[in-house]
Amino acid sequence: MEAAVNTVRHEHGEGHTHSESFIRRYIFSTDHKMIAKQFMITAIIFLFIGGAFALFIRWQLAYPGEPIPVIGTMLPSTWVNADGAVTAEWYTQLLTMHGTIMIFAVIIPLLVGTFGNFAIPLMIGADDMAFPVLNMVSFWLFPLASIIMMAGFFVEGGMAAAGWTGYAPLSVIASLGQTLWIVALFLIGFSSILGAVNYITTVLNMRAPGMKMFDLPMTVWSVFITAIIIIIGTPVLAAALSMLFMDNFLQTSFFMPENLTVTGRDMSRTAGGGQPLLWQHLFWFYSHPAVYIMILPGMGVVSDVLATFSRKPLYGYMAMVFAIIAIAFLGILVWGHHMFQSGMNPLLGTTFMVSTMVIAVPSAIKTFNWLGTMWRGQMEFTTPMLNAVAFVSMFVIGGLSGIFMASTPVDVFIHDTYFIVGHIHYVLFGGSLFAVFAGLYYWFPKMSGRMYNERLGKWHFWMTFITFNGTFFPMHILGVGGMMRRIYDPTVYDFLKPFQPMNEFITINAMILGFVQFILVFNFAYSWFYGKKAKRNPWRANSLEWQAPSPPPHGNFDKEVRVYRGPYEFSSPESVQDYLPQNVSPEELAAQWTRHEQRRAQQKSEP
Amino acid sequence: MLDWLPENVSTFGEGVDHLFHVIYYISVAIFILVNVIYVAFIIRYRRKRKGDKAYHYHGYNLLEVSWTALPLALFLFLALYSDRVWQDIRYSEKTPNPDLVVEVMGQQYLWHFRYPGSDGVFGRKHIRFISTTNPFGIDPDDPAGRDDLLTVNSMHIPVNKTVLVRLSSMDVIHSFFLPNMRVKQDAVPGQWIDVWFNSVKTGEYEIACAELCGSGHYLMRAVLDVHSQNEFDQWIDEQHENVRASIAAAGAAPDNATLAAQPDDRQSPTE
Ligand code: HEM
Ligand SMILES: [Cu+2]
Ligand SMILES: [Cu+2]
């Protein structure tokens with residue numbers, strides 16, 4: 001491994017091989033850390049694209065039919081009308097692409113792609129992933145897929161417009177953009193599977209000597225379990241997408257009944273005999289587990305951050321691990337809770353209600369254990385800690401709103417209303433994205449070798465936290481009021497007119513929320529080059545990544561690592577300081593004590 | 001927060017709202033409990049002095065077991081408690097005998113309604129006959145179908161009567177949403193789905209589409225008129241009269257033509 005590092009340096013020195021090595025290092029890199037950064041940068045770009053889409057949506061909801069300020073008239077005529085207001089067609093594309101991008105191109109690549117790649121090898125003391133080339137392919141499929149999806153912008157009929165859930169037959173009688181959407185998701189699924197195979201193999205086979213499975217930090221456990229969910233669920237999505245593709249392209253009828261009659265469209269070549277609900281079953285069989293793909297790694301990161309900054313062992317480590325396993329298992333049995341009003345047999349409604357209620361239990365267990373972790377701690381409120389603390393509180397709201405929807409009779413009313421939109425965002429923004437922020441700030445020193453700016457970090461956190469709640473909490477109220485999701489203009493309905501002030505309030509918050517994210521980008525971009533140099537272990541944490549140099553070179557560790565204990569031995573009476581890294585050997589620990597005693601004795605003897 | 005709920009005027013809506021309230025109060029209680037502890041910890045256990053060690057403690061199994069068992073019991077209770085209402089409103093064996101059956105067909109972007117004609121029965125229908133001019137797929141060879149009453153975006157029902165809605169769609173999935181009745185049911189092409197309700201109050205209510213069905217999704221609004229029985233009888237007699245008149249106007253024209261022509265002038269007569 002030393003050799004590899006040297007070659008890179010050497011080539012740099014020689015000059016003429018520079019461009020080739022640049023490509024190997026920064027573009028088609030097989031180094032897990034570089035791949036993690038590639039995932040991160042690509043996903044953050046998409047965070048801003050998806051966010052911009054959301055703001056167009058919000059503008060239209062608060063001020064239906066009014067021109068978009070400043071840029072309205074500059075946009076193409078297929079998106080906006082002559083005044084510069086969002087058209088209903090573009091609105092539907094926006095909401096579809098917002099959901100798809102945020103889920104598949106932002107949250108999953110950040111949590112699974114970025115943290116999985118960056119943290120797993122470092123946290124288990126390995127020099128890289130088990131299959132570095134596969135890892136590179138897994139990354140490159142993702143921008144490729146994203147480009148295919150965004151190409152919908154430029155084709156006739158625009159982007160996909162059937163919602164991120166792509167319900168058939170709406171997604172069958174659609175434009176070319178929908179087909180691009182299908183192909184793109186298929187490729188992203190492929191990328192996920194490649195990544196997952198890699199994570200599982202790496203965790204099982206490449207742990208440092210002495211490291212047992214139950215010595216793994218929660219981040220590694222959660223990504224490991226997530227990878228298993230990906231392997232189980234994604235092939236089903238792939239099958240469903242293949243069928244949808246054939247329905248779109250080859251006139252098959254997996255999802256279409258006989259004699260579908262669509263105004264202005266010739267359906268005579270469709271034989272029929274299919275079932276629209278089949279799509280929903282297959283889609284949710286993947287996509288409910290997928291919501292756990294989007295939260296479990298976040299829970300792992302938050303567990304690590306909370307323990308580190310509470311200076312306390314993670315409360316109930318075993319319970320936390322088994323809660324994750326329980327979530328993964330139960331997660332496969334609850335997909336029907338998205339289909340209570342779909343027309344499936346009401347008896348199944350009862351079944352899925354029970355399984356959904358049960359799956360809330362492991363989430364409750366995790367919450368209580370996080371509280372337990374903080375109990376009698378010595379909490380330090382750095383930016384990662386603030387984000388992790390916010391995660392727990394926001395996740396509680398998201399979990400509780402889940403209970404409303406799990407209750408079938410209540411769901412009759414709130415299904416497909418803004419209540420669901422509120423729920424989604426409390427778990428995916430309040431949950432997953434705050435966890436992403438926590439993780440990004442937490443590992444920034446390790447990734448870049450420099451410290452981010454703490455003051456800017458805190459500004460970013462507080463502004464985000466306040467405007468996040470201002471944006472998404474009122475959505476529950478809109479949902480209680482009955483406002484349907486995915487409607488272009490709520491003022492068409494008399495019963496929704498009183499909610500217009502609330503819609504304006506939400507939009508104003510959303511705009512601030514969107515713009516304060518530039519603080520994060522600025523902070524990271526600036527600190528990456530000009531930040532204070534980071535020490536190896538700035539947070540005084542125990543897991544192995546902090547024992548490598550900051551940033552770790554190709555091959556990661558500059559000394560051999562051997563593991564003697566779990567990752568959460570904070571404030572142990574056995575240790576001199578309030579932390580005890582996993583790789584400190586008993587002999588070294590004894591030596592630390594001796595040095596400590598000597599220093600003490602010295603201090604005493606001095607007057 | 002629940003004051004924002006639209007007025008409930010259906011019989012079983014009270015049960016739904018009751019559940020909504022129960023879960024709401026439980027959730028608020030849990031939320032307050034967790035967050036009070038949380039904030040207390042945040043204040044109490046922040047680092048005050050450098051170098052102090054925290055309490056080295058890994059957990060307590062009895063506590064783990066109890067905070068697994070208690071939520072499990074609570075959530076299972078909620079599931080069983082909810083299920084009684086769910087069975088009442090959705091299980092077919094619990095559906096009361098309907099006083100009126102109305103067929104509803106979703107189409108991008110409007111709602112079709114169909115009532116039996118003056119003969120009191122629906123004509124036979126088959127999915128094969130569905131077309132933009134025959135949204136319900138009424139069999140042209142069945143004389144009973146000829147006088148069926150069709151309206152668009154306008155539904156009329158009598159108060160205090162069980163109404164069974166038989167729901168389908170001819171193109172994409174829509175969702176039949178009656179906020180004031182606490183009714184929401186997807187309309188799925190190729191499938192007829194029953195859903196019932198009983199309004200206890202007369203008046204005009206809105207019907208919405210709750211499932212994304214294309215860019216005109218938001219326009220799919222219909223009006224539900226809940227009449228007293230007398231008013232309703234009067235309305236339906238009038239409609240039957242109109243239908244008879246239009247059949248007569250079509251005169252000696254052969255059956256099929258009549259049928260094809262009739263849904264064409266499908267403006268709802270009341271509007
Ligand atoms: C306590 C645990 C949870 C429960 C009981 C729960 C329950 C539900 C239910 C019943 C629905 C369907 C509502 C409807 O469409 O009528 C739903 C929707 C959803 N949930 Fe959860 N949920 C929980 C946690 C989560 C988590 C952790 C995530 C993601 C990180 C999540 C993401 C979503 C999303 C994205 C949807 C909406 C899908 C759509 O229709 O677009 N949920 N949840
Ligand atoms: Cu789900
Ligand atoms: Cu519709």
Side-chain angles (χ1 to χ4, degrees), chain A residues 88-89 92 163 167 169-170 257-263 276 311-313 315-316 319 341-343 346 350 353-354 357 360-361 364-365 368 371 374-380 396 400 403-404 407-410 412-413 415-416 477 480-482 484 486-489 492-493 495 571-573 578, chain B residues 1-2 4-6 16 19-20 23 27 31 34-35 37 41 45-47 52-56 58-59 64 67-68 71-72 75-76 78-79 82-83 85-86 90-91 108 127-128 130-132 170-173 175 179 182 184-186 188-191 193 206 208 210-212 215 217-218 221:
Chain A
E89 287 74 22
T92 319
Y167 275 14
L170 183 60
E258 188 183 355
N259 192 24
L260 205 67
T261 307
V262 184
T263 317
R311 315 306 298 159
K312 267 199 66 191
Y315 200 95
Q341 319 325 324
S342 71
T350 300
M353 165 162 57
V354 174
M357 288 287 186
V361 174
I365 297 175
F368 293 133
L371 288 185
M374 294 163 58
W375 172 65
R376 296 184 66 182
Q378 291 280 339
M379 283 194 265
E380 295 165 2
V396 170
L400 289 172
I403 301 295
F404 287 80
S407 168
T408 43
V410 178
V412 170
F413 184 75
H415 173 66
D416 270 331
I477 300 173
V480 170
M484 294 77 73
R486 296 167 169 174
I487 52 171
Y488 168 70
D489 182 355
V492 166
Y493 291 89
F495 78 106
S571 299
S572 163
D578 66 351
Chain B
M1 185 161 106
L2 298 185
W4 292 94
L5 273 168
V16 173
L19 261 179
F20 211 149
I23 298 179
S27 299
F31 178 76
V34 169
N35 276 279
I37 298 176
F41 281 9
Y45 300 122
R46 53 170 61 237
R47 185 181 278 298
D52 279 0
K53 274 191 187 176
Y55 180 44
H56 185 72
H58 282 276
E64 301 287 347
W67 67 40
T68 307
L72 184 66
F75 294 148
L76 281 180
L78 282 179
S82 303
D83 197 48
V85 181
W86 176 246
R90 283 294 162 82
Y91 277 30
Q108 288 175 326
I127 191 167
R128 242 176 300 135
I130 291 182
S131 70
T132 41
M170 58 197 275
D171 40 38
V172 301
I173 298 176
S175 191
R182 308 296 187 254
K184 187 182 286 130
Q185 174 60 57
D186 285 5
V188 182
Q191 204 173 329
I193 301 168
E206 288 180 290
E211 183 69 63
L212 178 64
S215 54
H217 170 48
Y218 70 107
R221 173 182 180 274

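Within every chain, numbering begins at 1; the chains are lettered A, B, ... in the order of the sequence lines, protein sequences first and strands thereafter.
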**Student:** Would you call B/V172 and A/Y167 a side-chain contact if the rule is heavy atoms closer than 4.5 Å?
**Tutor:**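 No, their side chains stay 4.5 Å or more apart.
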**Student:** As a quick check of understanding, evaluate side chain to side chain contact (heavy atoms under 4.5 Å, CB included) for A/T408 and B/R90, giving each step before the final call.
**Tutor:** CA-CA 10 Å; A/T408 43; B/R90 283 294 162 82; over 6 Å; no
**Student:** How close do B/A79 and A/M353 get, counting heavy atoms only, and between which atoms?
**Tutor:**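 Looking at all heavy atoms of both residues, the closest pair is O-CE, 3.5 Å.
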**Student:** Do A/T261 and B/T132 have side chains that get closer than 4.5 Å, going by heavy atoms?
**Tutor:**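 A/T261 reaches B/T132 side chain to side chain.
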**Student:** If you tally heavy-atom pairs under 4.5 Å against chain B, which of A/V361, A/D578, A/D489 wins?
**Tutor:**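 The option with the most such pairs is A/V361.
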**Student:** Might you work through the side chain to side chain contact (heavy atoms under 4.5 Å, CB included) test for B/Q108 and A/T263, ending with a clear yes or no?
**Tutor:** CA-CA 8 Å; B/Q108 288 175 326; A/T263 317; 5.5 Å; no
**Student:** What distance do A/M374 atom CE and B/R46 atom CZ have between them, rounded to the nearest 0.5 Å?
**Tutor:**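 Answer for the CE-CZ pair, A/M374 versus B/R46, is 10.0 Å.
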**Student:** I'd like to know if the side chain of A/Q341 reaches the main chain of B/Q185, judged simply by a donor and an acceptor atom lying under 3.5 Å from each other, with no hydrogens or angles considered.
**Tutor:**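 Not at all, since once roles are kept as given, no pair shorter than 3.5 Å links the two residues.
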**Student:** Pick one of side chain, backbone, both or neither for B/E211, based on which atoms fall under 4.5 Å of a heavy atom in chain A.
**Tutor:**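 Both the backbone and the side chain of B/E211 come within 4.5 Å of chain A.
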**Student:** Check whether B/I127 gets within reach of chain A through its side chain, its backbone, both or neither, counting any heavy atom under 4.5 Å.
**Tutor:**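 Contact with chain A: backbone and side chain both.
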**Student:** If every non-hydrogen atom of B/A208 is compared with every non-hydrogen atom of A/M484, which pair is closest and at what distance?
**Tutor:**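 It is CB-CE, 3.5 Å.
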**Student:** For chain A, find which of B/V188, B/I130, B/L2, B/I193 contributes the most heavy-atom pairs closer than 4.5 angstrom.
**Tutor:**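 Ranked by heavy-atom pairs under 4.5 Å with chain A, first place is B/I130.
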**Student:** Tell me, side chain or backbone of A/V396 under 4.5 Å from chain B's heavy atoms, or both, or neither?
**Tutor:**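 When you check distances to chain B, only side chain atoms of A/V396 fall under 4.5 Å.
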**Student:** Quick check on the interface: out of A/N259, A/V354, A/I477, A/I487, who has the most heavy-atom pairs with chain B under 4.5 Å?
**Tutor:**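 The answer is A/N259.
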**Student:** Could you state the interatomic distance from OG (A/S572) to NE2 (B/H56), rounded to the nearest 0.5 Å?
**Tutor:**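 One gets 4.0 Å once the value is rounded to the nearest 0.5 Å.
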**Student:** By side-chain hydrogen bond (donor to acceptor under 3.5 Å, both in side chains), which residues pair with B/S175, not counting sequence neighbours?
**Tutor:**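 Applying side-chain hydrogen bond (donor to acceptor under 3.5 Å, both in side chains) to B/S175 gives B/D186.
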**Student:** With rounding to the nearest 0.5 Å, note down the distance linking CE in A/M379 to CZ in B/R47.
**Tutor:**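 So the CE of A/M379 and the CZ of B/R47 are separated by 11.5 Å.
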**Student:** For the candidates A/G377, A/G163, A/A360, which exhibits the highest count of non-hydrogen atom pairs separated by less than 4.5 Å from chain B?
**Tutor:**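 With the most close heavy-atom pairs to chain B, the winner is A/G377.
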**Student:** Can you tell me how far OG1 of A/T350 sits from CH2 of B/W86, rounded to the nearest 0.5 angstrom?
**Tutor:**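 The distance works out to 7.5 Å.
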**Student:** Rounded to the nearest 0.5 Å, how far does CZ of A/R376 lie from NZ of B/K53?
**Tutor:**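 One finds 14.5 Å between NZ of B/K53 and CZ of A/R376.
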**Student:** Looking only at heavy atoms and a cut-off of under 4.5 Å, which of A/P169, A/A88, A/P313, A/G316 has the most pairs with chain B?
**Tutor:**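 So the answer, after comparing A/P169, A/A88, A/P313, A/G316, is A/P313.
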**Student:** Do A/W375 and B/I37 pass the side chain to side chain contact (heavy atoms under 4.5 Å, CB included) test, and can you show the C-alpha distance, the side-chain angles, and the key distance before you say yes or no?
**Tutor:** CA-CA 9 Å; A/W375 172 65; B/I37 298 176; over 6 Å; no
**Student:** Determine whether B/R221 and A/Y493 satisfy the following criterion, side chain to side chain contact (heavy atoms under 4.5 Å, CB included), listing intermediate values before the conclusion.
**Tutor:** CA-CA 7 Å; B/R221 173 182 180 274; A/Y493 291 89; 3.6 Å; yes
**Student:** Taking B/F41, B/F75, B/Y45, B/W4 one by one, which has the highest count of heavy-atom pairs under 4.5 Å against chain A?
**Tutor:**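 Ranked by heavy-atom pairs under 4.5 Å with chain A, first place is B/Y45.
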**Student:** Can you tell which of B/D171, B/N35, B/L19 has the highest number of heavy-atom pairs within less than 4.5 Å of chain A?
**Tutor:**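 The candidate making the most pairs under 4.5 Å is B/D171.
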**Student:** Which atom pair, heavy atoms only, marks the closest approach of A/K312 to B/A54?
**Tutor:**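 Shortest heavy-atom separation between A/K312 and B/A54 comes out as CG-CB, 3.5 Å.
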**Student:** Once you round to the nearest 0.5 Å, how far does OH of A/Y488 lie from CG of B/L212?
**Tutor:**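 If we round to the nearest 0.5 Å, A/Y488:OH and B/L212:CG are 14.5 Å apart.
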**Student:** Looking only at heavy atoms, what is the nearest atom pair of B/P189 and A/L260, with distance?
**Tutor:**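 What the structure gives for the nearest pair is CB-CD1, 3.6 Å.
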**Student:** Which bit of A/T92 comes within less than 4.5 Å of chain B, counting heavy atoms only: side chain, backbone, both or neither?
**Tutor:**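 The side chain, not the backbone.
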**Student:** Look at A/P276, A/P257, A/P346 and state which one has the largest set of heavy-atom pairs under 4.5 Å with chain B.
**Tutor:**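 When all of A/P276, A/P257, A/P346 are compared, A/P346 has the most.
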**Student:** Which heavy-atom pair separates A/F413 from B/R182 by the least distance, and what is that distance?
**Tutor:**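 Of all heavy-atom pairs spanning A/F413 and B/R182, the closest is CD1-CD, 3.8 Å.
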**Student:** At a 4.5 Å cut-off on heavy atoms, which part of A/Y315 comes close to chain B: side chain, backbone, both, or neither?
**Tutor:**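 When you check distances to chain B, atoms from both the backbone and side chain of A/Y315 fall under 4.5 Å.
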**Student:** Pick one of side chain, backbone, both or neither for B/D52, based on which atoms fall under 4.5 Å of a heavy atom in chain A.
**Tutor:**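 Both backbone and side chain of B/D52 come within 4.5 Å of chain A.
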**Student:** Looking at B/H217, B/E206, B/M170, which makes the most heavy-atom pairs under 4.5 Å with chain A?
**Tutor:**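 Highest number of heavy-atom pairs under 4.5 Å: B/E206.
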**Student:** Residues in side-chain hydrogen bond (donor to acceptor under 3.5 Å, both in side chains) with B/W67, at least two apart?
**Tutor:**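 Applying side-chain hydrogen bond (donor to acceptor under 3.5 Å, both in side chains) to B/W67 gives B/E64.
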**Student:** Counting only heavy atoms closer than 4.5 Å, note whether B/V85 contacts chain A via side chain, backbone, both or neither.
**Tutor:**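 Its backbone and side chain both get close to chain A.
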**Student:** Counting N and O atoms only, with roles assigned by atom type, does the side chain of B/S82 sit under 3.5 Å from a partner on the main chain of A/S407, one being a donor and the other an acceptor?
**Tutor:**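 Side chain of B/S82 to backbone of A/S407, a donor-acceptor pair under 3.5 Å: no, none is there.
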